[in-house]
Amino acid sequence: MSTTPEQINLWRSAISEDQRLEFKEAKTQFDFRTLCKYCVALANEGGGRLLFGIADQPPRPVVGTSAVNDPVGMAEKLFQTLGFRVDVEAVNHPDGRVVISHIPSRPRGTAYHLEGTYFMRAGEELVPMSEDQLRRIFAEGEPDWLEEYSRTGLDAAQVVELLDTQGFFDLLKLPYPVDQSGVLDRLQQERLVDLVAGSYSIRRLGALLLAKKLPDFPDLARKAPRVVVYTGASKLDTKLDQPGTKGYAVGFRELVGFVMSQLPQNEVIENALRREVKLVPEIAIRELAANALIHQDFRVTGASVMIEIYTDRVEISNPGEPIVPVDRFIDGYQSRNERLADLMRRFAICEEKGSGVDKVIQVIETHQLPAPDFRVGFKRFSAVLLAPRAFEDMDRNDRIRACYQHCCLCYVLHRKMTNQSLRERFKLAENKAESASRVIRETVEARLIRLADAAQTSLRYRSYVPFWG
């Protein structure tokens, strides 16, 4: 193994350290136990490289290191401690010595640990992996839950009776076959239905997407989304609790329409005219509901996707913790259920390219609403859409969250956030520039955004990017 200085320069130019890279100055030494933790964390994330002698902040200059005088000996020590091989090499870069630890990926279905702790990276920290993440890794060697059969021993007529085949072909924008065999052939091509020993079996994926009635599939009935409407801002008084009955794909439009029909309305005045508008825009409901259905953890039992409507907010939640860190929702994408996501994309319900949250943030800003609040709970993730609230009525966390999301949105749209763009986001007049500056300072202090150009001294021309940008 021989790494060139040119390759090191390519790694230094990476957008962020999340690309399985970790940079440390380590000019003279680096704690061995911390090194072991990083090896375990990077291995659990799919493998990567830890580089000593390089500053971890862009533009990541090479500062050189005298740590790890014996790379071969260090590799042997790591193997004895960790139980897996980490190759260590020293490279003479023109700007200084660099030491690289090449860390392999963990085996499928296995997570590495150090003295019983399964480490992962979380921003600048090394933290124990959550129960949800460990369960997901250990389940990699098991059969895919969605691909297992929900109903077996069926004839062709029973399959057509159980599944909305007309809706299936409509969603794919295909003509309906002239005979039943053409319908079943297409379902088999999509691996939603199988012909097994002379009878048909419906996979859970096929039933979840296309069921006319989810209760006809006992193992899936609890996976139906629920819409709960409350009379106030708490759970004390329930007005309506409506479980869904149709499959996710064939029932999605009806689900969104029902949620919109239950939303409170607000009166707004535009150009001296009064009009009624829903609490939150439909596109936000559509995108977050689709995300909740697609990215839920189906192995969490006794739980389902829920859309809860209060007088001052809407909470859309799903079982399981997110794979992508919450602060990377706008620029990151990884599907927990790939086949489900692929079919929902082909049905034009989602795009499967990570743009759903971007759309939500954009429409929320257009309507001058508070920033969505993404919350990770115990085996559950929630997205909270808040009712209209003036800037003066937002608390510090509301403003910081809105500033960070605005900065992320600017970044993915190939722009940079400025005081002016933030004032426009909050609908603040020009004489409120100091209010916007205060929010920016607080968001910088929270280490969520940073100056795009650290050398820029003029307050007037300062621009900002997300901490990972």
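Because the structure is a prediction, the values reported are computed rather than measured. Sequential numbering from 1 along the given sequence is applied to the chain's residues.
When the shell of 6.0 Å around CZ of Arg299 is examined, it contains more than 12 heavy atoms from other residues, nucleotides or ligands. Within 6.0 Å of CD on Glu125 lie no more than 12 heavy atoms contributed by other residues, nucleotides or ligands.
Ring geometry for Phe169 against Tyr176 counts as perpendicular: the plane angle is over 60°, on a 0 to 90° scale with 30° as the lower cut. Ring geometry, Phe381 versus Phe374: the interplanar angle falls under 30°, so the pair is classed parallel (tilted spans 30 to 60°).
With values rounded to the nearest 0.5 angstrom, Ser382 atom OG is found 11.0 Å from Leu288 atom CG. A distance of 4.0 Å separates CG in Leu163 from CD1 in Ile202, rounded to the nearest 0.5 Å. Expressed to the nearest 0.5 Å, how far CZ of Arg423 lies from OG1 of Thr418 amounts to 7.5 Å. For the atom pair OG1 (Thr3) and NE2 (His102), the distance works out to 3.5 Å, reported to the nearest 0.5 Å.
Heavy-atom minimum distance, Leu386 versus Ala371: CD1-O, 3.9 Å. Contact record, Ser421 with Cys410: OG-SG, 4.4 Å, taken as the closest heavy-atom pair. The two residues Phe119 and Val40 make their nearest non-hydrogen contact at N-CG1, 3.8 Å. A pairwise comparison of heavy atoms in Gln296 and Asn318 identifies CA-ND2, 3.6 Å as the closest pair. Taking every heavy atom of both residues into account, Leu255 and Pro225 meet most closely at CD2-CG, 4.2 Å. Nearest heavy atoms, Lys359 versus Glu287: CD-OE2, 3.6 Å.
Note on Arg346 versus Glu190: salt bridge recorded, some NZ/NE/NH1/NH2 to OD/OE distance being below 4.0 Å. The existence of a salt bridge linking Arg313 and Asp373 is excluded, since no basic side-chain nitrogen approaches an acidic carboxylate oxygen closer than 4.0 Å. Between Asp342 and Arg339 there is no salt bridge, since no side-chain nitrogen of the basic residue lies less than 4.0 Å from a carboxylate oxygen of the acidic one.
Within the 4.5 Å cutoff, side-chain heavy atoms of Val86 are placed close to those of Ser101. Using a 4.5 Å heavy-atom cutoff, the side chains of Leu279 and Gln265 are not in contact. Between Leu263 and Val314 the shortest side-chain heavy-atom distance falls below 4.5 Å. Looking at Met120 and Ser130, their side chains never come closer than 4.5 Å, going by heavy atoms from C-beta outward. Within the 4.5 Å cutoff, side-chain heavy atoms of Ile137 are placed close to those of Arg106. At a threshold of 4.5 Å between non-hydrogen side-chain atoms, the residues Leu114 and Lys37 count as touching. In this structure, the side chains of Val183 and Val159 stay at 4.5 Å or more apart for every pair of heavy atoms. Residues Lys278 and Ile285 are not in side-chain contact: their nearest non-hydrogen atoms beyond the backbone lie 4.5 Å or more apart.
Contacts of Ser199 classified as side chain to side chain contact (heavy atoms under 4.5 Å, CB included), with partners at least two apart in sequence or in another chain: none. Listed by chain and number, the residues in a side-chain hydrogen bond (donor to acceptor under 3.5 Å, both in side chains) with Ser317 are Arg380 (sequence neighbours excluded). Residues forming a ring-ring contact (aromatic ring centres under 6.0 Å, His included) with Phe138 (at least two apart in sequence, or on another chain): none. For Tyr149, there are no ring-ring contact (aromatic ring centres under 6.0 Å, His included) partners, not counting sequence neighbours. Every residue meeting the side chain to side chain contact (heavy atoms under 4.5 Å, CB included) condition with Gln262, not counting sequence neighbours, appears here in chain and number order: Val229, Leu240, Phe258, Ile309. Qualifying salt bridge (charged side-chain N to carboxylate O under 4.0 Å, His left out) partners for Arg222, counting only residues two or more places apart in sequence or in other chains: none. When the ring-ring contact (aromatic ring centres under 6.0 Å, His included) test is applied to Tyr464, no partner is found at least two apart in sequence or on another chain.
Pairs passing the ring pair (Phe, Tyr, Trp, His ring centres under 6.0 Å) check and including a residue from residues 178-233, sequence neighbours excluded, read Tyr230-Tyr310. For residues 154-183, no pair satisfies salt bridge (Lys or Arg N to Asp or Glu O under 4.0 Å), with sequence neighbours left out. Among residues at least two apart or in separate chains, salt bridge (Lys or Arg N to Asp or Glu O under 4.0 Å) pairs with a member in residues 236-251 are Arg226-Asp241, Lys246-Glu254. Residue pairs satisfying the side chain to side chain donor-acceptor pair (under 3.5 Å) criterion with at least one member in residues 107-120, sequence neighbours excluded, are listed as follows: Arg33-Glu115.
Proximity of the aromatic rings of Phe23 and Trp11 is defined here by a centroid distance below 6.0 angstrom, and this criterion is not met.
Figure legend: Arg399 and Phe391 shown as a cation-pi pair, the cationic atom lying under 6.0 angstrom from the six-membered ring centre and within 45 degrees of its axis.
Remark: the backbone N or O of Tyr38 is not paired with any side-chain donor or acceptor of Glu22 at under 3.5 angstrom.
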Report, one line per pair, each donor and acceptor closer than 3.5 Å where one atom sits in a side chain of residues 204-213; sequence neighbours left out.
unit_1 : atom_1 : unit_2 : atom_2 : d
Arg204 : NE     : Asp219 : OD2    : 2.9
Arg204 : NH1    : Trp145 : O      : 3.2
Arg204 : NH1    : Glu148 : OE1    : 2.7
Lys212 : NZ     : Val160 : O      : 3.2

